[in-house]
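Reviewing the structure listed below.
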Amino acid sequence: MLDINIIRNDIERVKQAIVNKNETTSLDSFQELDSRRKTLLIECDELRNKRNVTSKEISELRSKKKDASELIQEMKGVSDQIKQLEAEAKVLSDDLDSLLMRIPNIPSDDVPVGKDPTSNVIVKSWGDKKAFSFTPLPHWELGKELGILDFERAAKISGAGFTLYMGAGARLERALCNFMLDLHTQEHGYIEVLPPYLVNRTSMTGTGQLPKLEEDMYRIPEDDLFLIPTAEVPVTNIHANEILSNKDLPILYAAYTPCFRREAGSYGKDTRGMIRVHQFNKVELVKFVRPETSYDELESLLSVSEKVLQLLGLQYQVVKLCTGDLSFAAAKCYDIEVWSPGVNKFLEVSSCSNFEDFQARRSNIRFRDDEGNLRFVHTINGSGVALPRTMIAIIETYQREDGTVEIPEVLRPYMNGLDIIRSV
RNA sequence: GGAGGGAUGGCUGAGCGGUUGAAAGCGCUGGUCUCGAAAACCAGUUGGGGAGAAAUCUUCACGCGAGUUCGAAUCUCGCUCCCUCCGCCA
């Protein structure tokens, strides 16, 4: 949620941000709603004041055993009037709130303006393209031959877009998870958290997934709970409605969770293998930081996420997203894309975003600064990193001509010493 | 699922329907005292909205939402969450 004063004082800037983000929210009704609401509230305030003052008078008259029936009679009317005005104001407030909740965050000044991913900017390329003496296979072929990935059976169990990991494949997934968590908690100072995977509507709204993306969520209607699309949702909401101590900032959390996405509207895209699936695991990094430091903290979050791929020896690039590719809540975002030699594409494994105070305002996460003022924190998050696509890159990058796959050095301790995945 | 109890400020915990935005204690902040500290004493210490340059004024909020009333933390109803016991289950 934006500071309403930004909309009041510089509505053109907000309108431009909406256009640049390819959003369609209309601000036409804003000024009317805002001013009518304000007028009503002022009127309400005056009447309430009258009621408060008169009630006190009535109380005094009563204690002196004097008659107060005339005042009581008058106040009856006032109370009815207040009730009516309050009801009107509530409608306006609800409308205004729902409008505010649909206004996206404003992109940071250094974000390139653009309609679609073609305007994204590659800001870094790491690692060399691995030279193969043979044509590298895609992971779905390698995985099937090795017996570690079974998409047919996953489809039998659940449908298209699910993965069944078997044997060394399942073990590799677990190894990756442990490797990443250990790295972030032991080397980068993140606190490990294991949050709920089902969250309520308030949490989902706090981080900005709702109201816009309801169609993309798996929802449990009986309880109005949602399966998390990312650990960002439960982890950011850990501190909802809290006032954090300045000396505790920054707060760094790393969470390993499954993520559930309906992927509505992406049917027919990336259908083979596990490039795009409805359920996947991910290690998510979430930071709560002082506003002055948030852009530095974004860079450091990016670099610890990159570290994962560097240690795994995977080629990747970092892309700065243009305005049109930026998510609803983000002010700035870097995608990390790992190279997949078999699919012959870069695959996004992390989006490292600074939300500034957008989420903090929605979730009401504040801190007291050195001057004693209450301010909203800035929130930052990114994956460190998403597992299936990382596994794709590992399998495809480390494949050998005989169809076996070498396990990266850093993962071997987590694989009980296994160094090669062979067909069983 | 059944029965009962509860939800008040950073914490503990009072609170007859009418100066209770809220006692008291703890904590925290500032001050006095001290070479310094502790103790003691004094003062301050919730948040949101509106008006104002400011001092300040005003309004809302005692889990959430409705209701009764001139007036609700206090009464009624619904919901949520927490605790205890019983049942069921990992």
Side-chain angles (χ1 to χ4, degrees), chain A residues 1-9 30-101 194-206 210 219-226 234 237-249 251 288 357-377:
Chain A
M1 182 160 54
L2 294 179
D3 182 347
I4 193 166
N5 287 313
I6 294 177
I7 312 168
R8 284 182 183 139
N9 301 332
F30 174 79
Q31 275 153 338
E32 168 83 5
L33 276 175
D34 189 39
S35 69
R36 276 180 58 208
R37 174 172 153 277
K38 188 165 173 175
T39 312
L40 267 178
L41 286 180
I42 288 173
E43 206 177 330
C44 248
D45 263 21
E46 285 166 356
L47 285 172
R48 281 180 181 140
N49 179 241
K50 185 172 181 184
R51 180 176 70 183
N52 289 344
V53 171
T54 312
S55 286
K56 223 169 261 181
E57 282 175 34
I58 291 171
S59 162
E60 280 162 21
L61 285 175
R62 278 257 172 111
S63 67
K64 291 175 191 160
K65 310 259 193 227
K66 287 184 182 169
D67 177 52
S69 54
E70 205 170 301
L71 284 178
I72 290 174
Q73 209 45 46
E74 188 192 342
M75 281 309 102
K76 258 183 200 178
V78 172
S79 273
D80 287 346
Q81 214 179 332
I82 291 172
K83 230 168 253 179
Q84 197 186 324
L85 290 179
E86 277 176 343
E88 283 176 44
K90 175 137 175 30
V91 172
L92 290 175
S93 287
D94 288 350
D95 288 352
L96 193 61
D97 283 348
S98 110
L99 175 60
L100 286 175
M101 291 314 251
L194 183 60
Y197 306 153
L198 283 167
V199 299
N200 60 31
R201 188 171 282 276
T202 305
S203 296
M204 214 55 132
T205 306
L210 293 182
R219 177 173 164 228
I220 319 292
E222 289 86 348
D223 305 290
D224 205 24
L225 291 173
F226 297 83
N237 279 287
I238 287 174
H239 294 298
N241 297 315
E242 289 185 16
I243 296 170
L244 303 171
S245 172
N246 193 12
K247 65 178 193 305
D248 291 337
L249 298 178
I251 295 172
F288 302 81
D357 65 6
F358 189 85
Q359 293 181 326
R361 203 176 284 280
R362 287 176 162 235
S363 296
N364 193 28
I365 308 168
R366 294 174 293 175
F367 78 107
R368 206 175 283 281
D369 68 15
D370 289 331
E371 282 75 50
N373 302 312
L374 281 178
R375 297 167 64 194
F376 290 106
V377 299

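Protein chains get the first letters and strands the later ones, always in sequence-line order, with residue 1 at the start of each. In this text the structure is predicted, and so the values were computed from the model without any measurement. Only heavy atoms go into these numbers, but all of them, side chains included; no hydrogens, no water, no symmetry mates.
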Could you list by number each residue of residues 33-41 of chain A showing a heavy-atom separation from RNA chain B of less than 4.0 Å, or answer none if no residue does?
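Within residues 33-41 of chain A, the residues near RNA chain B are A:K38.
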
Any donor-acceptor N/O pair, [X] side chain to [Y] backbone, under 3.5 Å:
{"X": "A:S79", "Y": "A:K76", "answer": "no"}
{"X": "A:S59", "Y": "A:S55", "answer": "no"}
{"X": "A:N373", "Y": "A:D369", "answer": "no"}
{"X": "A:R51", "Y": "A:M75", "answer": "no"}

Start at the 5' end of RNA chain B and walk down; is the nucleotide closest to A:E86 or to A:Q73 reached first?
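Looking at RNA chain B, the more 5' nearest nucleotide goes with A:E86.
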
Of A:I42 and A:R62, whose nearest nucleotide on RNA chain B comes first from the 5' end?
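Its nucleotide being nearer the 5' end, the pick is A:R62.
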
In whole angstrom, what separates [X]'s [atom1] from [N]'s [atom2]?
{"X": "A:M75", "N": "B:A72", "atom1": "CE", "atom2": "C1'", "result": "17 Å"}
{"X": "A:M1", "N": "B:G48", "atom1": "CE", "atom2": "C1'", "result": "12 Å"}
{"X": "A:I72", "N": "B:G71", "atom1": "CD1", "atom2": "C1'", "result": "9 Å"}
{"X": "A:N373", "N": "B:G47", "atom1": "CG", "atom2": "P", "result": "11 Å"}
{"X": "A:R48", "N": "B:A61", "atom1": "CZ", "atom2": "P", "result": "7 Å"}
{"X": "A:N364", "N": "B:G49", "atom1": "CG", "atom2": "C1'", "result": "14 Å"}
{"X": "A:R201", "N": "B:C64", "atom1": "CZ", "atom2": "P", "result": "21 Å"}
{"X": "A:D97", "N": "B:G48", "atom1": "CG", "atom2": "P", "result": "17 Å"}

Are A:D94 and A:K90 close enough for a salt bridge, meaning some N to O gap below 4.0 Å?
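Salt bridge flag = yes for A:K90 with A:D94.
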
So A:K38 and A:L41, do their side chains get closer than 4.5 Å, heavy atoms only?
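Side-chain contact under 4.5 Å: no.
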
Distance check: side-chain N/O of A:N52 vs OP1/OP2 of B:U59, anything under 4.0 Å?
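Yes, within the criterion.
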
A:R51 side chain N/O closer than 4.0 Å to the phosphate oxygens (OP1, OP2) of B:U59?
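So the side chain of A:R51 is outside the cut-off, no N or O lying under 4.0 Å from OP1 or OP2 of B:U59.
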
Regarding A:T54, tell me which of base, sugar-phosphate or nothing describes its non-hydrogen contacts under 4.0 Å with the strands shown.
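Answer is nothing: A:T54 stays at 4.0 Å or more from every strand.
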
Touch check for A:K56, heavy atoms < 4.0 angstrom, all strands: base, sugar-phosphate only, or nothing?
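No contact.
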
Every protein N/O lying under 3.5 Å from an N/O of nucleotides 43-46 of chain B:
none

Check if the side chain of A:D45 and the base of B:G49 share a donor-acceptor pair of N or O atoms closer than 3.5 Å.
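Indeed, a donor on one side and an acceptor on the other fall under 3.5 Å apart.
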
Working for side chain to side chain contact (heavy atoms under 4.5 Å, CB included), residues A:V199 and A:N237
CA-CA 10 Å; A:V199 299; A:N237 279 287; over 6 Å; no

Nearest to the A:I58 side chain among B:G48, B:C60, B:G18, which nucleotide is it?
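Per side-chain heavy atoms of A:I58, the pick is B:G18.
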
Just jot down the side chain to side chain donor-acceptor pair (under 3.5 Å) partners of A:D45, sequence neighbours excluded, or say none.
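Scan of A:D45 (side chain to side chain donor-acceptor pair (under 3.5 Å), adjacent residues dropped) gives none.
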
Counterpart base for B:C85, defined by Watson-Crick or G-U wobble contacts under 3.5 Å:
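Partner of B:C85: B:G2.
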
